[in-house]
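FYI, the numbering just counts along the sequence from 1. Heavy-atom basis, side chains included; hydrogens, waters and symmetry copies ignored.
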Amino acid sequence: MKELLDVLVVGAGLSGMAAGYHLQTECPTRTYAILEGRGASGGTWDLFRYPGIRSDSDMHTLGFSFRPWTGAKAIADGPSILEYIRDTARTYGIDRKIRYHHRVERASWSSETSLWTVDVRRTDTDETTQLTCRFLLMCSGYYDYAGGYTPDFTGAERFGGRIVHPQQWTDDVDYAGKRVVVIGSGATAVTLVPELAKKAAHVTMLQRSPTYIMSRPSVDRVAKWLERKLPGKLAYGATRWKNVLLGMALFDFSRRYPERTKEFMVGQVRKLLGSEFDIATHFTPSYRPWDQRLCLVPDSDLFEAMKSGRADVVTDHIETFTETGLELRSGKTLEADIVVTATGLKVMLLGDVKLTVDGQTVDIGKTLNYRGTMLSDVPNLAISLGYTNASWTLKCDLVCEFVCRLLNHMEKKGYRSCVPRVREEGMPLEPLLNFSSGYVQRALDQLPKQGPKAPWRLYQNYFLDLLGLRYGAVEDGVIEFSRSGTTRHTRRSASPQPATRS
Ligand SMILES: Cc1cc2nc3c(=O)[nH]c(=O)nc-3n(C[C@H](O)[C@H](O)[C@H](O)COP(=O)(O)OP(=O)(O)OC[C@H]3O[C@@H](n4cnc5c(N)ncnc54)[C@H](O)[C@@H]3O)c2cc1C
């Protein structure tokens with residue numbers, strides 16, 4: 001007999017803990033377990049070990065809705081975030097539900113039994129095992145844990161120094177007194193540069209093109225004031241809403257007035273660095289604000305490192321690695337002892353779990369996103385994915401709440417399965433994300449598509465999601481429920497297969 005669980009959560013990071021909390025609070029009679037492929041919890045915040053690892057969004061929105069962030073800083077360091085996640089798990093007994101070293105490899109839905117059969121590999125013993133569940137909640141993040149993305153750099157094998165990707169940073173990377181080149185200018189690069197500059201001989205941030213970078217105080221003074229005046233939970237809630245609304249307003253303003261936003265953001269950098277810096281070349285992106293994720297730096301640390309001369313920025317293309325550094329397209333050379341390839345992640349949805357529905361392989365790239373949580377024609381499965389323009393946890397809390405509402409509704413009505421179905425013919429499809437960032441563009445084929453309007457549209461808007469996921473009707477005429485265990489969830493021929501609009 002295979003074990004049967006009501007809900008199986010895959011992944012014990014931020015999302016997995018949120019899932020555990022919501023399930024045991026809002027669906028207390030349901031059994032659940034969290035399967036985690038690694039030997040530790042925390043996901044991203046345990047995996048990444050590079051110096052200075054920190055959040056790039058504020059902890060009042062990256063923190064859980066149900067557990068106030070009480071740390072001194074709103075932009076917090078990685079170890080504090082990891083401790084917060086683990087402490088949350090301990091506080092609510094979620095840690096007792098986690099099964100470590102359990103990597104989910106395959107999940108097969110049977111419409112006959114209305115169950116998922118899940119193939120699990122023990123990453124410590126290599127044993128395989130199977131269990132079954134009524135509902136799968138994927139909290140497996142959005143990137144490949146096996147390694148980050150590194151382009152093929154010509155001549156990399158000639159380089160006599162060390163090349164390290166931030167995802168594979170280990171304590172033995174000794175950068176004290178060394179010349180370091182960090183390739184990239186995304187969130188990881190702007191975190192690393194000021195931190196490495198504290199001990200390195202010199203750090204160069206080498207970018208192909210500039211990124212929007214905004215500075216923000218690491219301590220939120222309004223939050224601190226609210227904490228002094230209001231009880232803990234109330235103060236946290238108020239700060240959370242302040243930050244949600246400010247973030248939404250900034251995003252909305254950027255979309256409506258990209259040129260004015262660009263002027264403002266570039267102007268801020270000019271103010272911080274001084275006009276002797278070549279802001280036009282190094283800090284003026286060619287794309288519109290929010291066509292890629294904004295980079296946030298706390299207390300201008302990146303700019304301070306540059307002003308002090310311990311770090312600088314070069315905007316150029318790599319022609320080749322040499323024995324001692326890098327040769328650039330302009331003919332310039334950069335000497336280096338260590339090159340850090342902050343060149344991004346490899347996007348991977350569903351933790352590489354292979355899905356089948358009644359024996360048919362699910363091609364995620366051919367499914368449609370439903371309410372930002374489920375996939376068309378895939379029964380009893382939800383995915384916890386966060387925002388690209390706001391903190392991850394805001395969305396994953398809402399996804400978990402929605403899953404609990406769905407489960408409770410199904411129990412009340414005696415339904416055994418639910419599946420979003422596309423009924424309109426010829427619905428125009430679009431890529432799920434309209435970010436121009438390399439990591440998104442490289443992954444578009446693997447991501448579900450979105451339609452022109454709800455529930456098939458991914459709005460990236462907390463307010464709309466709050467209305468839809470927390471208060472919207474569960475039975476919306478799109479999601480199909482079934483009581484019998486025998487209805488086969490075959491694909492409807494009405495599902496649209498039109499050309500994807502780009
Ligand atoms: C360096 C870095 C900094 C970031 N900073 C921010 C930030 O400041 N603000 C923000 O909003 N977002 C940020 N993000 C995005 C970040 O990933 C989310 O904030 C959040 O941590 C994601 O949590 P998660 O639990 O959904 O996924 P993860 O943290 O990725 O955890 C997923 C877990 O699932 C496990 N898993 C995956 N596949 C399987 C499988 N098949 N079987 C079993 N277990 C599996 C993994 O081992 C992992 O433990 C950052 C990301 C990175 C990489």
Side-chain angles (χ1 to χ4, degrees), residues 1-13 15-16 19-20 23 30-38 43 97-123 126-146 347-370 373-385 396 399-400 402-403 406-407 410 415-421 446-448 479-480 482 485 487-491:
M1 284 287 282
K2 289 173 201 140
E3 181 183 4
L4 171 63
L5 292 158
D6 288 324
V7 184
L8 186 68
V9 178
V10 181
S15 301
L23 283 168
R30 242 51 64 83
T31 55
Y32 84 94
I34 303 176
L35 299 196
E36 169 53 56
R38 305 175 69 234
K97 301 287 185 176
I98 305 173
R99 301 181 193 173
Y100 292 106
H101 296 293
H102 281 60
R103 163 157 280 280
V104 177
E105 293 191 324
R106 171 180 289 276
S108 315
W109 172 260
S110 156
S111 295
E112 244 168 75
T113 57
S114 294
L115 292 178
W116 285 102
T117 300
V118 176
D119 294 335
V120 179
R121 182 174 296 277
R122 293 283 313 233
T123 49
D126 212 34
E127 279 167 78
T128 54
T129 163
Q130 273 193 335
L131 48 85
T132 56
C133 66
R134 297 197 164 90
F135 199 97
L136 254 183
L137 180 46
M138 301 301 299
C139 295
S140 44
Y142 66 102
Y143 61 87
D144 188 353
Y145 269 64
V347 170
M348 178 190 271
L349 274 202
L350 301 181
D352 208 23
V353 176
K354 310 282 178 286
L355 291 184
T356 61
V357 172
D358 294 324
Q360 285 184 25
T361 302
V362 176
D363 178 349
I364 305 291
K366 294 216 163 70
T367 64
L368 251 94
N369 137 79
Y370 169 79
T373 64
M374 296 179 77
L375 301 174
S376 58
D377 296 319
V378 182
N380 290 25
L381 178 141
I383 309 176
S384 173
L385 282 176
C396 94
V399 168
C400 296
F402 176 73
V403 168
L406 189 60
L407 292 172
M410 287 170 69
Y415 296 138
R416 292 172 67 182
S417 67
C418 61
V419 60
R421 296 284 194 204
Q446 307 161 39
L447 301 179
I479 190 158
E480 182 180 287
S482 164
T487 317
R488 287 180 71 79
H489 283 282
T490 46
R491 264 170 195 283

Between the main-chain N or O of [Y] and the side-chain N or O of [X], is there a donor-acceptor pair closer than 3.5 Å?
{"X": "Ser376", "Y": "Leu368", "value": "yes"}
{"X": "Arg106", "Y": "Val120", "value": "no"}
{"X": "Asp119", "Y": "Gln130", "value": "no"}
{"X": "Trp109", "Y": "Asn380", "value": "no"}

For [X] versus [Y], what's the shortest heavy-atom pair and its separation?
{"X": "Trp116", "Y": "Thr356", "answer": "CZ3-O, 3.6 Å"}
{"X": "Pro420", "Y": "Met374", "answer": "CG-CB, 3.8 Å"}
{"X": "Ser417", "Y": "Ser114", "answer": "CB-OG, 4.3 Å"}
{"X": "Asp377", "Y": "Pro379", "answer": "O-CD, 3.6 Å"}

For residues 5-12, please give each side-chain donor-acceptor pair under 3.5 Å, one per line with the distance, not counting sequence neighbours.
{"residue": "Asp6", "atom": "OD1", "partner": "Arg134", "partner atom": "NH1", "Å": "2.6"}
{"residue": "Asp6", "atom": "OD2", "partner": "Thr31", "partner atom": "N", "Å": "2.8"}
{"residue": "Asp6", "atom": "OD2", "partner": "Thr31", "partner atom": "OG1", "Å": "3.3"}

Heavy-atom check, side chain of [X] versus side chain of [Y], under 4.5 Å:
{"X": "Ile479", "Y": "Val419", "value": "no"}
{"X": "Tyr370", "Y": "Pro448", "value": "no"}
{"X": "Ser140", "Y": "Val353", "value": "no"}
{"X": "Leu447", "Y": "Val347", "value": "yes"}
{"X": "Tyr100", "Y": "Leu35", "value": "no"}
{"X": "Ser110", "Y": "Thr117", "value": "no"}
{"X": "Val403", "Y": "Leu407", "value": "yes"}
{"X": "Val104", "Y": "Leu350", "value": "no"}

Using the test ring pair (Phe, Tyr, Trp, His ring centres under 6.0 Å), find all partners of Tyr145 that sit at least two apart in sequence or belong to another chain.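 So Tyr145 forms a ring pair (Phe, Tyr, Trp, His ring centres under 6.0 Å) with Tyr143.
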Under the side-chain contact (heavy atoms from CB on, under 4.5 Å) criterion, do Arg416 and Ser482 qualify, and how do the steps go? CA-CA 6 Å; Arg416 292 172 67 182; Ser482 164; over 6 Å; no
Side chain to side chain donor-acceptor pair (under 3.5 Å) between Asp358 and Ser111, worked out: CA-CA 6 Å; Asp358 294 324; Ser111 295; 2.6 Å; yes
Salt bridge Glu36-Arg122, side-chain N to carboxylate O under 4.0 Å: no
Please walk me through it: do Lys97 and Tyr32 pass side-chain contact (heavy atoms from CB on, under 4.5 Å)? CA-CA 7 Å; Lys97 301 287 185 176; Tyr32 84 94; 3.3 Å; yes
May I have the step-by-step check of salt bridge (charged side-chain N to carboxylate O under 4.0 Å, His left out) for Glu127 and Arg103, ending in yes or no? CA-CA 11 Å; Glu127 279 167 78; Arg103 163 157 280 280; over 6 Å; no
For Thr132, side-chain hydrogen bond (donor to acceptor under 3.5 Å, both in side chains) partners two or more places apart: none
Who are the side-chain hydrogen bond (donor to acceptor under 3.5 Å, both in side chains) partners of Ser15, not counting sequence neighbours? Ser384, Trp392
Qualifying residues under salt bridge (Lys or Arg N to Asp or Glu O under 4.0 Å), relative to Arg121, sequence neighbours excluded: Glu105, Asp126
Not counting sequence neighbours, which residues clear salt bridge (Lys or Arg N to Asp or Glu O under 4.0 Å) with Asp352? List them please. Lys354
Step by step, would you call Leu4 with Leu115 a side-chain contact (heavy atoms from CB on, under 4.5 Å)? CA-CA 9 Å; Leu4 171 63; Leu115 292 178; 3.6 Å; yes
Roughly how far, to the nearest 0.5 Å, is the [atom2] atom of [Y] from the [atom1] atom of [X]?
{"X": "Leu349", "Y": "Leu375", "atom1": "CG", "atom2": "CG", "answer": "8.5 Å"}
{"X": "Asp363", "Y": "Thr361", "atom1": "CG", "atom2": "OG1", "answer": "9.0 Å"}
{"X": "Leu355", "Y": "Leu381", "atom1": "CG", "atom2": "CG", "answer": "6.0 Å"}

